[in-house]
Amino acid sequence: METTNIPHRICDIDWQNWQAADPATLLFVIQEGRILLIRKKRGLGAGKINGPGGKLEAGETIEACAIRELQEELCITPKNIRYHGDNCFQFIDGYSIHVHVFTATDYDGVITETEEAEPLWADLDAIPYDEMWEDDQYWIPVMLSNQSFTGRYIFDGDRMMDMELVLHSDNAKN
Ligand SMILES: Nc1nc2c([nH]c(=O)n2[C@H]2C[C@H](O)[C@@H](COP(=O)(O)OP(=O)(O)OP(=O)(O)O)O2)c(=O)[nH]1
C-alpha cells in the first residue's frame, strides 16, 4: 500500500495552509468547581465523554454553532460565552476537523438528556480523561487556567500519534 503521502508527524503538515474538512465547536459550562460534560451517544467520538459540540452548519458562525449544539444536545442556552482557542485534528485516513473551544459560566433552561448526549457534571479536579479523547488531558487544563491556545494533533483512529500545543500570551476573551 502507498503510504508516503499520509502524515504521521506534526512536522509533515504545512499548518499555515492546512484547512479542515469540517469546522466544529466545543462548549464547556464551568460552574462552582465543576464542568458540564456529556457521554456522547452518536457521531465522531460516540461512547466517549466530551464537551457538548459539533460541526458547523452552512452560513453559521462558530459562536452560533457552539450555542446551537448545546441547545440540541442538552436543551440549555449558555450565558457569558468566552473563546479559548482551537484544536486542529488531522487523521491519517485523510479526514480533518478544526475545533473551536468555548466556555460559559452559566446557562438558561434545564439540563436534559437527549438522543445525542447524556449529561454529567465532573469536579474540576476529577475530570475523567481516561474516558475522553487522548488529547483532552493536555489542553483542558490550559483552558481551565484561562490561557488561550492552539493545539495540533495527528490521529490514527482513536490513537494520538503526535501533537503540538502552543500557548498564546493573551488570555481567553469574552
Ligand atoms: N474533546 C475533543 N473533542 C473532539 C476531538 N475530536 C473531535 O472531533 N472532537 C469533537 C468536535 C465536535 O464537537 C465533535 C465531532 O462532531 P460531531 O460528530 O458530534 O458533529 P455533529 O454533532 O454535527 O454530528 P453529526 O450530525 O455530524 O453526527 O467531536 C478531540 O480529540 N477531543
Side-chain angles (χ1 to χ4, degrees), residues 20 22-57 60-89 91 96-153 155 157-158 160 163 165-168 170-174:
D22 284 320
T25 61
L26 286 168
L27 194 158
F28 297 88
V29 176
I30 298 167
Q31 204 174 54
E32 294 168 9
R34 297 186 307 169
I35 185 167
L36 181 58
L37 302 173
I38 59 169
R39 172 84 64 183
K40 206 163 181 312
K41 296 185 184 176
R42 64 182 191 207
L44 185 61
K48 290 188 199 301
I49 293 176
N50 202 348
K55 301 182 195 97
L56 248 69
E57 292 183 349
E60 194 175 43
T61 65
I62 53 172
E63 187 168 317
C65 172
I67 294 168
R68 175 184 53 74
E69 289 287 348
L70 192 64
Q71 291 169 335
E72 286 179 5
E73 293 185 347
L74 294 180
C75 307
I76 57 171
T77 299
K79 293 163 81 172
N80 310 323
I81 294 178
R82 176 176 285 207
Y83 184 75
H84 281 264
D86 61 328
N87 284 320
C88 306
F89 298 99
F91 288 81
S96 54
I97 184 165
H98 188 182
V99 183
H100 299 274
V101 180
F102 295 84
T103 60
T105 57
D106 205 358
Y107 58 90
D108 283 325
V110 178
I111 295 170
T112 306
E113 181 169 352
T114 64
E115 285 181 0
E116 293 185 56
E118 176 193 336
L120 62 111
W121 285 102
D123 289 340
L124 290 177
D125 59 3
I127 294 175
Y129 290 117
D130 56 336
E131 294 188 77
M132 300 171 76
W133 282 95
E134 203 177 335
D135 52 288
D136 294 14
Q137 62 192 300
Y138 301 105
W139 61 265
I140 287 179
V142 174
M143 174 185 82
L144 294 175
S145 72
N146 205 28
Q147 181 140 30
S148 68
F149 62 89
T150 295
R152 302 184 178 106
Y153 314 88
F155 269 86
D158 267 5
M160 191 170 72
M163 68 166 278
L165 184 58
V166 179
L167 309 192
H168 302 306
D170 55 323
N171 284 344
K173 294 192 179 66
N174 281 321

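Not measured: the values here are computed from a predicted model.
- Contact annotation: the side chain of Leu74 never approaches that of Val29 to less than 4.5 Å [non-hydrogen atoms, C-beta and beyond].
- Not less than 6.0 angstrom separates the ring centroid of Trp133 from the ring centroid of Tyr153.
- Evaluation of the side chain to side chain donor-acceptor pair (under 3.5 Å) rule for Thr112 yields no partner, not counting sequence neighbours.
- Residues Ala104 and Lys79 come closest through the heavy atom pair CB-O, 3.3 Å.
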For residues 34-44, which side-chain N or O atoms pair as donor and acceptor with protein atoms under 3.5 Å away, sequence neighbours left out?
unit_1	atom_1	unit_2	atom_2	d
Arg39	NH1	Gly47	O	3.1
Arg39	NH1	Glu131	OE1	2.8
Arg39	NH2	Glu131	OE1	2.9
Lys40	NZ	Arg42	O	2.7
Lys40	NZ	Leu44	O	3.3
Lys41	NZ	Glu113	OE2	2.7
Lys41	NZ	Thr114	O	2.8

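- Remark: Ile30 CD1 to Leu144 CG distance equals 5.0 Å, nearest 0.5 Å.
- Here Ile49 contributes atom CD1 and Leu120 contributes atom CG; the two are 5.0 Å apart, rounded to the nearest 0.5 Å.
- Residues passing the salt bridge (Lys or Arg N to Asp or Glu O under 4.0 Å) test with Asp130: none are found, sequence neighbours excluded.
- The stretch residues 135-153 participates, sequence neighbours left out, in these salt bridge (Lys or Arg N to Asp or Glu O under 4.0 Å) pairs: Arg152-Glu164.
- Residues passing the salt bridge (Lys or Arg N to Asp or Glu O under 4.0 Å) test with Lys55, sequence neighbours excluded: none.
- Atoms CD1 and OG, on Ile140 and Ser145 in that order, are 12.0 Å from each other to the nearest 0.5 Å.
- Here the side chains of Leu27 and Thr25 are not in contact, with every heavy-atom distance at 4.5 Å or above.
- Under the salt bridge (Lys or Arg N to Asp or Glu O under 4.0 Å) criterion, Glu60 pairs with Arg68, sequence neighbours left out.
- The side chain to side chain donor-acceptor pair (under 3.5 Å) analysis of residues 97-107, with sequence neighbours excluded, yields the pairs Gln31-Asp106, Asn80-Thr105, Tyr83-His100, His84-Thr103, Asp86-His98.
- The structure places CD1 of Ile67 at 8.0 Å from CZ of Phe102, a figure rounded to the nearest 0.5 Å.
- The distance from atom OG of Ser96 to atom CZ of Phe89, rounded to the nearest 0.5 Å, is 11.5 Å.
- Between Tyr129 and Pro141, the closest heavy-atom pair is OH-CD, 3.5 Å.
- Across all non-hydrogen atoms, the minimal contact from Pro119 to Ile111 is CB-CG2, 3.5 Å.
- Residues forming a side chain to side chain donor-acceptor pair (under 3.5 Å) with Gln71 (at least two apart in sequence, or on another chain): Thr77.
- Here the straight-line distance linking atom CD of Gln137 with atom CD1 of Ile127 works out to 11.5 Å at 0.5 Å rounding.
- What you find for Ala64 and Thr61 is that their closest heavy atoms are N-OG1, 3.0 Å.
- Listed here is the closest heavy atom pair of Ile76 and Gly109: CG2-C, 3.8 Å.
- Residues satisfying the salt bridge (Lys or Arg N to Asp or Glu O under 4.0 Å) criterion with Asp158, sequence neighbours excluded, are Lys48.
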>> Quick one, Tyr138 with Met160, criterion side-chain contact (heavy atoms from CB on, under 4.5 Å). Give me CA distance, side-chain angles, the key distance, then yes/no.
In response: CA-CA 12 Å; Tyr138 301 105; Met160 191 170 72; 3.7 Å; yes

